[in-house]
Amino acid sequence: MSVGGVAYRRVARPVLFRMGKGDPEVVHHRTLSALARVSRSAPALRLLGGLRRRHPSPRTVFGVDFPSAVGLAAGMDKDGVALKAWPALGFGHVEVGTVTAHPQPGNPRPRLFRLPASGAIINRMGFNNSGAQALAARLATTGRIGVPLGISLGKSKITPVDEAVGDYLTSLRAVYPFADYIAVNVSSPNTPGLRTLQDRAPLDELLAALTTEAGSLAWSLGQRRTPVPVLVKIAPDLTDQAIADLLEVCVDRGIAGLIATNTTLTRPGLAAGDAATAAEAGGLSGRPLAPRSLEVVRFVTAHCDLPVIGVGGIGTVDDGLRMLDAGASLLQLYTGFIFGGPPLVTSLNKAIAAR
Ligand SMILES: Cc1cc2nc3c(=O)[nH]c(=O)nc-3n(C[C@H](O)[C@H](O)[C@H](O)COP(=O)(O)O)c2cc1C
């Protein structure tokens, strides 16, 4: 592990993890507020960016140019408040959201739990976000951030599942002009009924509507010859048959790529020390998810030609390289970044560039 990695784990992380009497959501909000301040300050951004060695590994995936492979996963900066700080920390793309058509508070707290012995997190946030319109307003003032920006869309809790299409379309229309790609989130376990949108018929209806609308928006905005790529983010808890069916729909509907995977409702391979927390309801992320995410990425790349963003349990350089070997074109981090900090992003970038 790098010197920075050791310093983060031995010094910064213990301080962070004790903040707010150990409530992970307090730490999350304070860290995000600090990064939001950095994001608004050109000198702070220069300083942060200057502390880091650059290790580019440029690639073009689904028609978008990425400076490097490692991106920030959805859910960390749902409302896009700290956008410019993420590239300064080494991320080669940022996925904001998930946002919904209606602003919503999410589930009651506590709803975010650390499982330190397992290198994992359980969350049942429930898409707390300020809404697609508010995100669009913020993005209009933020401007370009220097790396591709993905925008993740979900369904508002108050919208019934059989009216989901209209809800996603409202969000798409609001944020479309600012997105380098759109992620259709049909895989969060914390919005009742959402995952049923991965089934063949509702998925087909949703993706047909979104890709058609993306085409119309591209035409009416006249900025691009091709519409912004639309990706689908899938759950790790689907059977092989369900994934195969989903891939068929995605290919038929001109989906540009897959993001695999979201969090799992299963509780594989947790350390004994985390047994009590493991009983909390919600999606599990982090190290225990890695074997299944890898498996899903392998399955997807074996069954279709669509590019895949591999996410789930990447906590070390080896994890990231394994995900690329499994066929992923890009990577994303969430939980690994909480436990490994910015040095993990740098080490991963360095190892990938060295390949
Ligand atoms: C607290 C938390 C909130 C999340 N929120 C979202 C979200 O809003 N949308 C989404 O697509 N994924 C969300 N995720 C899932 C992550 O983007 C990622 O797919 C998952 O955590 C697996 O990656 P990891 O093991 O690196 O964390 C969230 C994860 C966590 C831990």
Side-chain angles (χ1 to χ4, degrees), residues 61-64 74 95 97-102 127 131-133 135-136 149-188 191-235 237-262 296 299-301 303-309:
V61 187
F62 43 81
V64 177
E95 191 171 307
T98 296
V99 289
T100 52
H102 299 275
F127 292 163
Q133 205 58 257
L135 176 64
L149 179 72
I151 303 183
S152 169
L153 309 183
K155 181 191 77 67
S156 311
K157 191 174 181 190
I158 56 164
T159 302
V161 174
D162 57 6
E163 292 168 26
V165 171
D167 200 77
Y168 279 89
L169 283 175
T170 302
S171 298
L172 179 71
R173 291 183 191 116
V175 303
Y176 185 89
F178 309 103
D180 292 304
Y181 73 85
I182 294 288
V184 184
N185 182 1
V186 281
S187 48
S188 165
T191 296
L194 188 89
R195 285 180 161 201
T196 62
L197 294 171
Q198 293 173 115
D199 296 346
R200 190 184 268 275
L203 184 69
D204 188 55
E205 188 193 351
L206 176 62
L207 298 185
L210 289 173
T211 47
T212 305
E213 185 65 15
S216 313
L217 288 164
W219 178 259
S220 63
L221 290 169
Q223 321 161 313
R224 297 167 196 260
R225 272 176 295 149
T226 48
V228 169
V230 176
L231 280 72
V232 174
K233 183 164 179 180
I234 64 174
D237 301 333
L238 296 172
T239 61
D240 285 357
Q241 186 57 54
I243 301 177
D245 290 350
L246 176 144
L247 292 178
E248 244 179 71
V249 175
C250 289
V251 170
D252 286 351
R253 289 298 173 191
I255 289 305
L258 275 292
I259 306 171
T261 67
N262 214 312
V296 175
F299 185 91
V300 172
T301 52
H303 284 78
C304 71
D305 293 331
L306 296 178
V308 180
I309 302 181

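Residues: numbered from 1 along the sequence shown.
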Of the non-hydrogen atoms in [X] and [Y], which two are nearest, and what is the gap between them?
X: Ser187; Y: Arg195; answer: O-NE, 2.9 Å
X: Leu169; Y: Ala209; answer: CD2-O, 3.7 Å
X: Val175; Y: Ala132; answer: CG1-O, 3.6 Å
X: Val308; Y: Val300; answer: CG2-CG1, 3.5 Å
X: Thr211; Y: Arg253; answer: CG2-O, 3.3 Å
X: Ala179; Y: Ile182; answer: CB-CD1, 3.6 Å

For the backbone of [Y] and the side chain of [X], can you confirm whether one donor and one acceptor N or O come within less than 3.5 Å of each other?
X: Tyr168; Y: Asn185; answer: yes
X: Tyr176; Y: Pro227; answer: no
X: Ser156; Y: Thr159; answer: no
X: Ser171; Y: Leu153; answer: no
X: Asp245; Y: Arg200; answer: no
X: Asn262; Y: Ala235; answer: no

Candidates Leu206, Asp199, Thr191 - the one meeting side-chain contact (heavy atoms from CB on, under 4.5 Å) with Val186
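Considering Leu206, Asp199, Thr191, a side-chain contact (heavy atoms from CB on, under 4.5 Å) with Val186 is found only for Leu206.
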Member of Leu207, Val251, Leu203 meeting the side-chain contact (heavy atoms from CB on, under 4.5 Å) criterion with Leu246:
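Testing Leu246 for a side-chain contact (heavy atoms from CB on, under 4.5 Å) against Leu207, Val251, Leu203 leaves exactly one candidate, Leu203.
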Working to the nearest 0.5 Å, report the span between [atom1] of [X] and [atom2] of [Y].
X: Ile259; Y: Leu231; atom1: CD1; atom2: CG; answer: 5.0 Å
X: Ile255; Y: Cys304; atom1: CD1; atom2: SG; answer: 11.5 Å
X: Glu95; Y: Leu149; atom1: CD; atom2: CG; answer: 9.0 Å
X: Arg173; Y: Gln133; atom1: CZ; atom2: CD; answer: 11.5 Å
X: His303; Y: Ile243; atom1: NE2; atom2: CD1; answer: 9.0 Å
X: Ser188; Y: Lys155; atom1: OG; atom2: NZ; answer: 10.5 Å

Looking at Glu213, I'd like to know if its CD atom is crowded, meaning that more than 12 non-hydrogen atoms belonging to other residues, nucleotides or ligands lie closer than 6.0 Å.
yes
Could you tell me if the side chain of Leu238 sits less than 4.5 Å from the side chain of Val296, heavy atoms only?
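No - every pair of side-chain heavy atoms lies 4.5 Å or more apart.
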Does the pair Leu217 and Val228 meet the rule for a side chain to side chain contact (heavy atoms under 4.5 Å, CB included), with working shown?
CA-CA 9 Å; Leu217 288 164; Val228 169; over 6 Å; no
